[in-house]
Amino acid sequence: MYLNNLQSTVFSLILVLFIGFAACEKTSRVELLEKDYKGVFYIQNSSYRYEPSPFVLQLKNGKYSFIPGLNSPMRGGSGSFSVEGNQAIFRDENFWTADFDWSFIFNGTFEITNQDKYLILTRLNGNSSYIYKLEK
């Protein structure tokens with residue numbers, strides 16, 4: 001009987017510790033520094049097949065400028081940005097004509113993830129993910 005009570009106590013203690021550690025999942029805040037980032041844009045899970053294309057993302061004083069590389073499907077964008085937790089919100093402030101796919105404007109809410117020497121910005125667009133891999 002003593003062994004059963006001991007086993008029950010140990011099991012309860014392990015269960016409480018496991019739940020405690022699971023509840024304390026560490027979420028690290030990812031920061032976008034105000035600087036010029038070089039990176040590569042690509043689309044995942046899309047019916048379109050674009051080659052990864054280079055870009056420059058300039059961040060300064062809460063403003064951004066996105067400069068696509070040559071032959072990129074991206075159109076650019078500039079305006080204001082903010083970071084809330086692990087999300088970056090870019091608000092394009094340009095006037096655009098309606099003769100192209102507006103999803104190629106750098107604009108909207110992006111999930112920020114940290115991956116080795118890169119920051120990854122991901123924006124969902126239907127069944128596709130627009131991924132911007134920034135060199136730190």
Side-chain angles (χ1 to χ4, degrees):
M1 185 170 194
Y2 176 74
L3 188 59
N4 286 339
N5 285 337
L6 181 62
Q7 286 175 335
S8 176
T9 303
V10 169
F11 176 77
S12 297
L13 181 61
I14 291 171
L15 182 62
V16 167
L17 288 174
F18 177 78
I19 292 171
F21 284 122
C24 293
E25 180 183 322
K26 185 178 179 182
T27 56
S28 61
R29 179 167 161 74
V30 181
E31 291 189 56
L32 281 177
L33 301 176
E34 293 199 348
K35 65 180 232 171
D36 292 356
Y37 289 96
K38 291 182 181 179
V40 176
F41 161 77
Y42 59 97
I43 301 174
Q44 209 171 47
N45 299 329
S46 173
S47 58
Y48 300 110
R49 294 290 172 213
Y50 294 106
E51 289 295 317
S53 58
F55 66 86
V56 174
L57 177 61
Q58 299 172 328
L59 303 176
K60 187 170 184 175
N61 298 327
K63 297 287 187 181
Y64 80 94
S65 181
F66 181 89
I67 304 160
L70 296 176
N71 301 319
S72 173
M74 296 302 297
R75 295 295 180 158
S78 62
S80 62
F81 79 95
S82 61
V83 176
E84 297 175 10
N86 287 342
Q87 290 190 330
I89 301 153
F90 293 89
R91 294 172 194 87
D92 183 71
E93 297 172 356
N94 294 291
F95 176 79
W96 298 95
T97 60
D99 59 348
F100 66 93
D101 183 349
W102 283 23
S103 66
F104 288 121
I105 299 170
F106 191 79
N107 185 49
T109 300
F110 296 78
E111 189 72 27
I112 308 170
T113 53
N114 203 350
Q115 185 185 72
D116 299 323
K117 60 182 181 177
Y118 299 100
L119 287 176
I120 310 295
L121 301 180
T122 305
R123 180 172 56 94
L124 299 178
N125 184 32
N127 293 332
S128 299
S129 294
Y130 286 36
I131 300 171
Y132 303 81
K133 192 173 187 177
L134 310 174
E135 295 176 10
K136 287 185 188 176

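Positions are given from 1, in the same order as the sequence printed here. Heavy-atom basis, side chains included; hydrogens, waters and symmetry copies ignored.
- The side-chain tip of Arg75 does not point at the ring of Phe104 from less than 6.0 angstrom away and within 45° of straight on.
- Nearest approach of Thr109 to Arg123, heavy atoms of both residues: O-CG, 3.6 Å.
- For the pair Asp36 and Leu57, the minimum side-chain heavy-atom distance is 4.5 Å or more.
- Here the shortest heavy-atom pairing between Met74 and Pro68 reads O-CG, 3.7 Å.
- Residues forming a side chain to side chain donor-acceptor pair (under 3.5 Å) with Asn94 (at least two apart in sequence, or on another chain): Ser78, Asp92.
- Glu34 contributes a side-chain N or O that, together with a main-chain N or O of Gly62, makes up a donor-acceptor pair within less than 3.5 Å.
- Between the OG atom of Ser103 and the CD1 atom of Ile43 there is a distance of 7.0 Å, given to the nearest 0.5 Å.
- Atom CG of Leu119 and atom CD1 of Ile112 lie 7.5 Å apart (nearest 0.5 Å).
- Between Pro73 and Phe41 the shortest heavy-atom distance is CG-CE2, 3.9 Å.
- Applying the ring-ring contact (aromatic ring centres under 6.0 Å, His included) rule to Phe81 yields the partners Phe90; only residues at least two apart in sequence or on another chain are considered.
- The side chain to side chain donor-acceptor pair (under 3.5 Å) test applied to Asp99 returns Thr97, not counting sequence neighbours.
- Remark: Lys136 engages Asn114 in a side chain to side chain donor-acceptor pair (under 3.5 Å) (not counting sequence neighbours).
- Under a 4.5 Å side-chain heavy-atom cut-off, the cluster of Ile, Leu, Val, Met, Phe, Trp and Tyr residues that includes Leu124 has no other member.
- Side-chain contact between Asn45 and Asn127: absent, with no pair of heavy atoms (C-beta onward) separated by less than 4.5 Å.
- Side-chain atoms of Phe100 and Ile105, non-hydrogen and from C-beta on, do get closer than 4.5 Å to each other.
- When atom types are taken as modelled, the side chain of Glu111 and the backbone of Thr122 share no donor-acceptor pair closer than 3.5 angstrom.
- In this structure, the separation between CG on Leu59 and CG on Leu33 is 9.0 Å, given to the nearest 0.5 Å.
- Note that NZ of Lys133 is 8.5 Å distant from NZ of Lys117, once rounded to the nearest 0.5 Å.
- For the atom pair CD1 (Ile67) and NZ (Lys38), the distance works out to 11.5 Å, reported to the nearest 0.5 Å.
- Atoms OG1 and CD, on Thr113 and Gln115 in that order, are 6.5 Å from each other to the nearest 0.5 Å.
- The shortest distance between side-chain heavy atoms of Lys60 and Ser65 does not fall below 4.5 Å.
- Checking each of Tyr130, Phe55, Phe110 against Phe66 for a ring-ring contact (aromatic ring centres under 6.0 Å, His included) leaves exactly one that passes, namely Phe55.
- The number of heavy-atom neighbours closer than 6.0 Å to CG of Asp101, taken from other residues, nucleotides and ligands shown, is above 12.
- Not counting sequence neighbours, the partners of Ser53 by the side chain to side chain donor-acceptor pair (under 3.5 Å) test are Ser72.
- Using a 4.5 Å cut-off between side-chain heavy atoms of Ile, Leu, Val, Met, Phe, Trp and Tyr, with links allowed through other members, Leu32 and Phe106 fall into the same hydrophobic cluster.
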